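This report refers to the structure that appears directly beneath it.
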Amino acid sequence: MAACTKCGAELETPLVCGACGTLFAPEPEPTPFECLGLAATFDVDAALLRRRLLRASRLVHPDFHGASGEEARAAAERATASLNRAHALVADPAARADWLVRSLGGPAENEQRQMAQAFLMEVMEWNETLEAARESAPGSAARSGLPALEASLREQRESVLAELHRLLVPLPARGAPALAQARAQLNALRYLANSLTQIEALRLDSPSPR
Amino acid sequence: MGFIELNVLNNAASNVALGIDLGTTNSLGARWKDGRPIVLHPEGGSGYVPSALHFGEQGGVIVGREARELALLDPAHTLFSIKRFMGRGLKDVESDARSVPCPLSETQNGVVQFEMRGRKFTPQELSALILMKVRDQACKALGGIEVTKVVITVPAYFDDSQRQATRDAARIAGLDVLRIVNEPTAASLAYGLDQRKQGKVAVYDLGGGTFDVSILSIEEGVFQVLSTNGDTHLGGDDFDRTLVEVAKKELAAVMRPSALEDRAFLQLLRLAAERCKIELSTDPEAYMHVSLPESGVQWRRKFTRHEFDALTAHLIERTLHSCRRALADAKLPPEQIDEVVLVGGSTRVPAVRARVEKLFGRKPHCELNPDEVVALGAAVQAHVLMGGTREVLLMDVTPLSLGIETMGGAVAKIIQRNSTIPCQATEGFTTYVDGQNGIDFHVVQGERELAADCRSLGRFKLKGIPALPAGMPRIAVRFHIDANGMLTVTAKEESTGTSARIEIQPMNGLSDGEVETMLNSAYRNAREDFDARRAADLRTEIGTMARATERGLSQAGPALDRETRRDVEEALAAAKKAAADTQLDAGALQKRRDELERATLPLAALLMDHVAKAALSGKRLDEV
């Protein structure tokens with residue numbers, strides 16, 4: 001772990017020194033895991049992640065640099081933006097897996113377009129249900145199947161995440177075949193997430209009776 | 001005039017930062033003192049500054065309570081609810097424009113202007129006048145300390161243009177804005193500190209013109225906003241409007257159509273509707289009165305609370321819809337919310353309380369004054385920003401997704417709504433033509449798929465790109481949403497390392513030059529306003545002195561010698577004449593006032609004597 005260039009203390013995050021409070025603007029930009037002082041892993045300890053976020057935030061947040069001039073304020077803005085972005089990525093399993101696959105030289109999402117025929121048939125069925133629901137009034141028969149579809153999609157989402165966990169923990173070697181398999185799971189996850197978003201939109205947009 | 005604080009060292013002045021709630025209906029200032037936030041009010045006053053402006057014949061503008069009182073006498077020259085126009089263009093404000101008593105126009109950059117008494121005012125300038133009034137009230141309460149540093153609250157759902165307009169208003173008022181903070185977030189700070197609460201909290205904030213809901217997690221000094229939703233065009237004003245519509249429909253039988261649409265008349269209707277609504281919050285039924293003696297219109301209509309609830313049900317439903325969206329974004333079902341905090345005057349409407357309670361399945365928390373809690377929270381934030389404490393960590397979010405218009409008019413989202421701020425995203429751009437040295441892109445804010453349906457933040461022009469074959473330049477454009485929820489855009493050409501220049505054409509915004517001009521004229525007007533205020537105070541004082549003198553003359557007059565009595569009578573007549581003369585300035589009034597004071601000195605002495613004698617002869621003082 002690097003040391004603070006000003007006071008020599010060990011740095012938990014490259015964005016700020018926990019001992020003397022000096023803000024840094026590291027180049028090139030550190031990875032999301034580095035920003036939070038965590039080793040790159042799919043198996044993130046949620047409680048530890050939150051502790052790291054709060055600890056670093058208390059050091060870098062612009063609220064605590066308001067009285068120290070324009071330059072310090074701008075540095076705090078930058079560091080906090082990096083930290084928040086890092087946290088958003090690490091906290092989200094899909095974004096986290098996507099980042100790990102890419103950083104280990106795995107295929108990008110458009111390089112692994114092949115999806116299992118059976119899965120694609122299933123996606124077409126979801127879309128038909130969604131389309132029919134969209135074209136009918138809230139409370140009608142065409143919408144009665146949505147809760148069941150939602151439950152099924154959530155279940156599938158959980159099993160895809162479990163599969164990702166199996167493929168990415170421990171982290172595979174650079175270029176390992178597991179990365180391509182993880183990418184395929186991530187693509188399936190996108191279909192699932194997309195359909196779940198549409199179900200939520202249908203549920204929220206149904207105007208309630210006055 | 002009294003002060004609540006006297007012994008403050010002059011050098012302490014710069015350490016006072018105000019929290020200001022710049023509201024649609026009322027505005028209020030607060031500060032941190034002795035470990036807690038307090039509302040600032042000059043002794044005897046509430047501190048509330050009604051967000052109302054009256055435009056006088058002589059070109060002066062009166063702000064606050066007096067302006068609201070003048071609205072009844074002169075509705076054609078009084079403006080309310082300026083906040084609904086902040087950061088907006090003419091086409092955005094069509095429904096509000098109907099309740100404005102003056103014509104509206106637009107600047108070149110799409111900023112609404114009110115045309116009053118032959119002058120044009122932007123909402124930014126008018127909000128600046130309100131801010132100056134709040135600042136002056138606070139200064140008075142602080143015993144004359146000058147305050148320039150402020151935290152100003154805005155609705156959480158305000159977009160970039162509306163935030164920018166608020167900041168510009170503060171600059172025009174000569175204030176240094178430490179932070180723009182979201183109203184429900186500010187409320188949660190005041191609530192969380194006051195109650196030492198932990199857990200998941202929903203803040204339901206229904207004000208005069210805007211609605212916000214924020215879902216927060218509060219634990220050990222960390223205030224983290226999980227999601228926010230709202231409607232910057234939904235508030236108590238809309239509740240009033242439902243009553244106005246009923247009145248118009250029924251008055252159509254007795255009034256000409258043109259008279260019904262008269263802007264001043266509509267202003268009167270609005271005020272009558274507001275009164276009726278407020279009564280309905282405490283009484284099961286209330287009357288709305290409209291009286292126009294000159295046209296022989298006397299209208300009185302009973303509204304039951306039941307009828308009012310039916311008229312406004314769709315408005316409340318819109319707020320609940322926002323609540324459901326906020327809950328979905330926070331990934332929390334309603335039953336996991338530990339407390340619902342009500343903020344904003346419109347949460348006094350019983351139906352609002354009942355339906356919020358039903359949605360969340362729990363009684364809302366109503367112990368905090370819904371009109372003060374936002375200003376108090378802003379004062380907490382001001383205290384944090386002045387370096388007062390590190391115990392409070394506030395993590396807020398951006399309410400709307402940020403995107404770039406793509407070919408074909410769709411939106412590519414680069415920052416998702418409810419991202420914790422400050423946040424950033426970098427996008428790569430390149431050229432399509434050899435030697436192309438500029439690139440245009442269009443930045444929008446909103447959740448809709450098409451750029452045309454989102455709010456345009458402006459068209460950005462990248463300039464100074466080195467002449468290279470098409471596709472070669474790599475321009476990294478960095479979008480940063482700061483802790484105020486406001487966007488800054490910077491760009492760098494990566495192959496050569498030169499920073500590209502960005503020109504921004506703001507939509508519905510003021511240019512720096514315009515702000516500068518307004519700042520200068522605001523100073524000039526402040527001087528004029530100060531004089532006008534002094535003149536008004538002097539007129540009141542002369543009135544009081546005249547009444548006392550007349551009473552004195554009737555009691556002790558016969559005891560005065562003829563010459564002294566004549567002096568008093570002459571000075572009295574001159575002072576009364578001066579007070580009635582609206583053309584006289586403060587200087588002339590001061591002279592008449594002083595002359596009256598001098599002339600009445602012998603009378604005062606005589607009266608004292610009289611009182612003393614009366615006391616000695618056994619009479620009680622109040623019998624004298």
Side-chain angles (χ1 to χ4, degrees), chain A residues 15 21 25 27-29 32 35 47 50-51 53-70 72-92 95 138 150 154 193 196-210, chain B residues 15 17 149 151 178-179 181 217 219-222 224 229 310 313-314 316-318 320-329 331 359 381-398 415-416 418-426 447 478-484 488:
Chain A
L15 300 172
E27 290 272 352
E29 195 160 328
C35 283
R50 182 160 180 81
R51 274 205 305 280
L53 171 71
L54 295 183
R55 195 145 77 200
S57 290
R58 284 194 186 276
L59 295 167
V60 297
H61 199 279
D63 280 4
F64 309 127
H65 298 267
S68 24
E70 200 52 52
R73 207 153 44 221
E77 280 279 349
R78 273 196 305 275
T80 310
S82 298
L83 182 69
N84 286 336
R85 197 165 121 102
H87 178 262
L89 186 140
V90 174
D92 173 26
E150 184 173 6
R154 284 191 190 282
L196 280 167
T197 308
Q198 289 183 50
I199 292 174
E200 187 178 274
L202 278 168
R203 190 178 53 229
L204 289 174
D205 285 328
S206 49
S208 307
R210 276 180 61 165
Chain B
N15 286 332
K149 290 192 167 72
V151 167
L178 298 174
R179 177 65 47 83
V181 64
S217 144
E219 52 158 343
E220 288 165 25
V222 180
Q224 183 175 14
N229 207 295
H314 66 292
I316 302 177
E317 178 51 36
R318 271 165 66 193
L320 299 182
H321 187 59
S322 288
C323 290
R324 290 186 204 104
R325 281 167 178 261
L327 285 165
D329 281 352
K331 299 194 169 50
L359 174 72
Q381 180 66 358
H383 176 62
V384 173
L385 287 166
M386 295 296 282
T389 177
R390 272 190 184 241
E391 269 164 42
V392 175
L393 173 63
L394 180 60
M395 299 163 84
D396 213 330
V397 300
T398 178
I415 293 177
Q416 298 291 331
N418 293 322
S419 294
T420 304
I421 51 174
C423 62
Q424 61 178 20
T426 307
E447 308 312 319
R478 196 161 161 278
F479 298 85
H480 180 98
I481 297 182
D482 67 13
N484 301 303
T488 48

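What you see below is based on every heavy atom in this structure, not just the backbone, and it leaves out hydrogens, waters and symmetry mates. All values derive from a computational prediction rather than experimental measurement.
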Flag the one option from [options] with the top tally of heavy-atom pairs under 4.5 Å to chain A.
{"options": "B/Ser419, B/Pro422, B/Gly388", "answer": "B/Pro422"}
{"options": "B/Ile316, B/Val384, B/Ile415, B/Ile481", "answer": "B/Val384"}
{"options": "B/Val392, B/Thr420, B/Leu320", "answer": "B/Thr420"}

Within a strict 4.5 Å, meaning less than it, do heavy atoms of the B/Thr426 and A/Glu29 side chains meet? no
pair B/Glu220-A/Leu54: side-chain heavy atoms closer than 4.5 Å: no
Can you tell me which portion of [X] sits under 4.5 Å from chain A's heavy atoms? Options are side chain, backbone, both or neither.
{"X": "B/Gln416", "value": "neither"}
{"X": "B/Leu394", "value": "both"}
{"X": "B/Leu178", "value": "neither"}
{"X": "B/Glu447", "value": "neither"}

I'd like to check the side chain to side chain contact (heavy atoms under 4.5 Å, CB included) partners of B/His383; sequence neighbours left out, ordered by chain and number.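 Listed in chain order: B/Trp32, B/Thr389.
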So which atom in [X] and which in [Y] form the shortest heavy-atom distance, rounded to 0.1 Å?
{"X": "B/Ala328", "Y": "A/Leu204", "value": "CB-CD1, 3.9 Å"}
{"X": "B/Leu385", "Y": "A/Pro62", "value": "CD2-O, 4.4 Å"}
{"X": "B/Arg390", "Y": "A/Leu59", "value": "NH1-CA, 4.1 Å"}
{"X": "B/Gly221", "Y": "A/Arg58", "value": "C-NH2, 4.2 Å"}

When you measure from the side chain of B/Gln424 to the backbone N and O of A/Arg78, does any donor-acceptor pair fall under 3.5 Å?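 No: the side chain of B/Gln424 does not pair with the backbone of A/Arg78.
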Within a 6.0 Å radius of atom CD on B/Glu391, are there more than 12 heavy atoms belonging to other residues, nucleotides or ligands?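 Open: at most 12 neighbouring heavy atoms sit under 6.0 Å from CD of B/Glu391.
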Identify, with sequence neighbours excluded, every residue that meets side-chain hydrogen bond (donor to acceptor under 3.5 Å, both in side chains) alongside A/Asn84.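 Not a single residue meets the side-chain hydrogen bond (donor to acceptor under 3.5 Å, both in side chains) criterion with A/Asn84.
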Using non-hydrogen atoms and a 4.5 Å limit, figure out which bit of A/Arg85 sits close to chain B: side chain, backbone, both or neither.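 Side chain only.
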Please look at A/Glu77 and chain B and tell me whether the side chain, the backbone, both or neither of the residue comes under 4.5 angstrom of a heavy atom of that chain.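 For A/Glu77, the contact with chain B is made by backbone and side chain together.
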Start with the C-alpha gap between B/Met395 and A/His87, add the side-chain angles, then the distance that decides, and say whether side-chain contact (heavy atoms from CB on, under 4.5 Å) holds. CA-CA 13 Å; B/Met395 299 163 84; A/His87 178 262; over 6 Å; no
Roughly how far apart are B/Lys331 NZ and A/Glu200 CD, rounded to 0.5 Å? 7.5 Å
